Trainee: 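My questions all concern the structure below.
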Amino acid sequence: MNRKQLQKLGVPPDCVKLAVQALTRAAQQDQGFGLKGKRAKELVGAVLGEPRAYFEDSVWGEFAKELVADAEQPALSNIDYRTWGDEIDDAAHAQMRQACLVPTAVGAALMPDAHLGYGLPIGGVLACENAVIPYAVGVDIACRMKLSVLDLPVETLDSRRNAYKEAIMGGTRFGVGVEHHPKQQHDVLDRDWDVTRITREKKDTAWRQLGTSGSGNHFVEFGELTLEARDDELGLDAGRYAALLSHSGSRGPGAAVCSTYSAIAQRNLPRRYANLGRLAWLSLDSEEGQEYWAAMNLMGEYAAANHAVIHRLVTSLLGAHVVAGVENHHNFAWKEFHHGKEVVVHRKGATPAAAGELGVIPGSMADPAFVVRGRGEPSSLCSASHGAGRCMSRRQAKDTFRFNAVRNDLAKRGVEVLAAGADEVPGVYKDIRRVMDAQQDLVEVVARFDPRIVRMCGDGSKAED
DNA sequence: ATGTCC
């Protein structure tokens, strides 16, 4: 009997392989019994009819157990999600509805900067029970923000402009595959990179890329931080400060971890869930799930180290010291308690916003970023947006904007862009002020950061220096 | 967002 015949008989697709193995064993034990025989059909039919009666059978036991396990696989969920903001496209909603079908999903929310992503939309928050979804964390695992407030008078942003520009140009590296020469040092290299094969193999890449910014929406910029009132936790009085803000992640190694474990998850995805595709999950009880969890957390430390090195290099070139700081992941998964039970909360392009938790939400190269304090709103799973959110694709942006023209406009508005592409100009983003208005119940604004000197990945160069 | 992976 072949696969097709077995399935016609009622064998679930995920059990066909074991049925074939059982038939082969049966044929070996009984010389007069061929695989095509009517008897084969009868035997398979009998096991299908009462699988539990065959659990101890040396020929049919394994197949029988798989039949029962397959029937007991959890059904699709169908949970609800709340949405903040009203400028979210249908495609992002469609992805969120798919995510709400994931069998382990128990909570979901969509942030006001949401837009289309792989698997879960960017700006999507998804809580699962005892399972992790690599593509609900995202390709750039632990993509993150870091703000450092400097001990230099805010006026030096103008009076010492060249020193600031040289510090950014000398201390940062942008581009796909870009590395530091010589390699930088950080304690993260002393962590255990042998937790998975892929982290072991990517450790040297990680070292070479340590302290680099990559491409896309990543940036390093100087700007002016304004506090309307003293903030004790930040340790800053009301006033204006020179500050350094960066957006970067786990570079090549994080992408390799994501693709490795999402491929495993998708390969293991039972056929009945096939249309969930890139939302494939790994049980935290499985070896693969534990490996991903360990690798993801290492990438979290690595991304934090990248920012630490960037800030170390840039502030050291500038001759500045750091007097206060805020940082947070916005592509990550955490074990947290919500509604009385422990769940895995995936935030993919979403800022953790538990009550009292500080975070940074950037706008665009010309619009303000905000230091925020979470309000711990339960229905958002204690989350907020991670930025303004794109309202135009990179492709469309290249056809719509000429970067040099935009750059001249921005210069008149007091923002000097050292390098960037047309796909990251302010016009490709929603209005950050509207996005902040839409999430007043999620975060309170602690400070505003206005960009003054900005570096992103330049156009037409994949590995510029 | 990354890098060219049988």
Side-chain angles (χ1 to χ4, degrees), chain A residues 92 95 113-124 133-146 172-180 196-220 246-267 278 292 295-296 298-300 302-304 306-307 310 329-333 346-350 362 364-365 386-390 392-395 397-398 419-424 428-429 455-465:
Chain A
Q95 288 190 314
D113 58 338
H115 56 97
L116 195 67
Y118 286 136
L120 194 69
I122 318 296
I133 302 174
Y135 262 115
V137 170
V139 168
D140 191 7
I141 298 173
C143 184
R144 151 185 188 104
M145 301 300 304
K146 181 178 173 78
T172 67
R173 298 288 183 279
F174 281 83
V176 174
V178 75
E179 302 170 352
H180 260 296
T196 67
R197 179 181 160 178
I198 191 72
T199 48
R200 182 173 67 242
E201 289 176 355
K202 291 292 174 182
K203 184 180 177 184
D204 193 54
T205 304
W207 192 1
R208 287 183 273 110
Q209 296 190 334
L210 179 63
T212 62
S213 294
S215 64
N217 57 3
H218 290 175
F219 63 76
V220 176
S246 56
H247 181 198
S248 185
S250 51
R251 308 288 289 99
V257 169
C258 175
S259 68
T260 299
Y261 284 93
S262 187
I264 291 171
Q266 289 183 66
R267 204 182 313 131
R278 287 195 178 107
Y292 175 78
M296 179 196 77
L298 179 60
M299 291 303 100
Y302 176 60
N306 276 337
H307 282 272
I310 290 167
H329 294 325
H330 53 219
N331 284 9
F332 211 64
H346 306 80
R347 294 188 182 86
K348 181 183 187 179
S364 77
M365 57 171 71
H386 82 311
R390 296 190 78 88
M392 188 186 287
S393 70
R394 291 183 189 280
R395 183 54 184 257
K398 300 262 186 205
D423 52 346
E424 285 293 332
V428 311
Y429 286 102
R455 187 178 187 191
M456 302 187 76
C457 186
D459 242 348
S461 154
K462 288 205 161 184
E464 67 176 48
D465 212 32

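Proteins come first, then strands; the chains are lettered A, B, ... in the order of their sequence lines, and each starts at number 1. Keep in mind it's a predicted model, so treat the numbers as computed, not measured.
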Trainee: Where the side chain of A:His346 meets the backbone of A:Ile133, is there a donor-acceptor pair that is under 3.5 Å apart?
Mentor: yes
Trainee: Closer than 3.5 angstrom, by distance alone: can the side chain of A:His180 be matched with the main-chain N or O of A:Arg173 as a donor-acceptor pair?
Mentor: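 Between the backbone of A:Arg173 and the side chain of A:His180 there is no qualifying donor-acceptor contact (under 3.5 Å).
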Trainee: At under 4.0 Å, does any side-chain N or O of A:Gln209 touch on OP1 or OP2 of B:dT2?
Mentor: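 No, A:Gln209 has no side-chain N/O under 4.0 Å of OP1/OP2 on B:dT2.
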Trainee: Using the salt bridge (Lys or Arg N to Asp or Glu O under 4.0 Å) criterion, which residues pair with A:Lys146? Sequence neighbours excluded.
Mentor: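 Partners of A:Lys146 under the salt bridge (Lys or Arg N to Asp or Glu O under 4.0 Å) test: A:Glu327.
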Trainee: What is the distance, rounded to the nearest whole Å, between atom OH of A:Tyr118 and atom P of B:dT2?
Mentor: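 Spelled out: OH on A:Tyr118 to P on B:dT2 is 13 Å.
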Trainee: So, is A:Ser259 close to the B:dC5 phosphate, meaning a side-chain N or O under 4.0 Å from OP1 or OP2?
Mentor: no
Trainee: Answer yes or no: is there a donor N or O on one side and an acceptor on the other, between the side chain of A:Ser250 and the main chain of A:Ile141, under 3.5 Å?
Mentor: yes
Trainee: Taking CZ from A:Arg394 and P from B:dT2, how many angstroms apart are they, rounded to a whole number?
Mentor: 10 Å
Trainee: Look at the side-chain N and O atoms of A:Arg251 and state whether any lies under 4.0 Å from the OP1 or OP2 oxygen of B:dT2.
Mentor: yes
Trainee: Find the distance A:Met456:CE to B:dA1:P and express it as a whole number of Å.
Mentor: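 It works out to 8 Å between those atoms.
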Trainee: Round to the nearest Å and state the distance from A:Asp423 atom CG to B:dA1 atom P.
Mentor: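 Nearest whole value for this atom pair: 9 Å.
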Trainee: CG of A:Leu116 versus P of B:dA1: gap in Å, rounded?
Mentor: 14 Å
Trainee: Remember a base hit wins even if backbone is also touched, and classify A:Glu201 as base, sugar-phosphate or nothing at under 4.0 Å, heavy atoms.
Mentor: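 Touches nothing.
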Trainee: Over how many whole Å does the gap from A:Tyr261 atom OH to B:dT2 atom C1' extend?
Mentor: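 Rounded to whole Å, this separation is 18 Å.
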Trainee: When the distance from NZ of A:Lys202 to C1' of B:dT4 is rounded to whole Å, what number comes out?
Mentor: 10 Å
Trainee: Would you kindly give the CZ-to-C1' distance between A:Phe174 and B:dT2, to the nearest whole Å?
Mentor: 15 Å
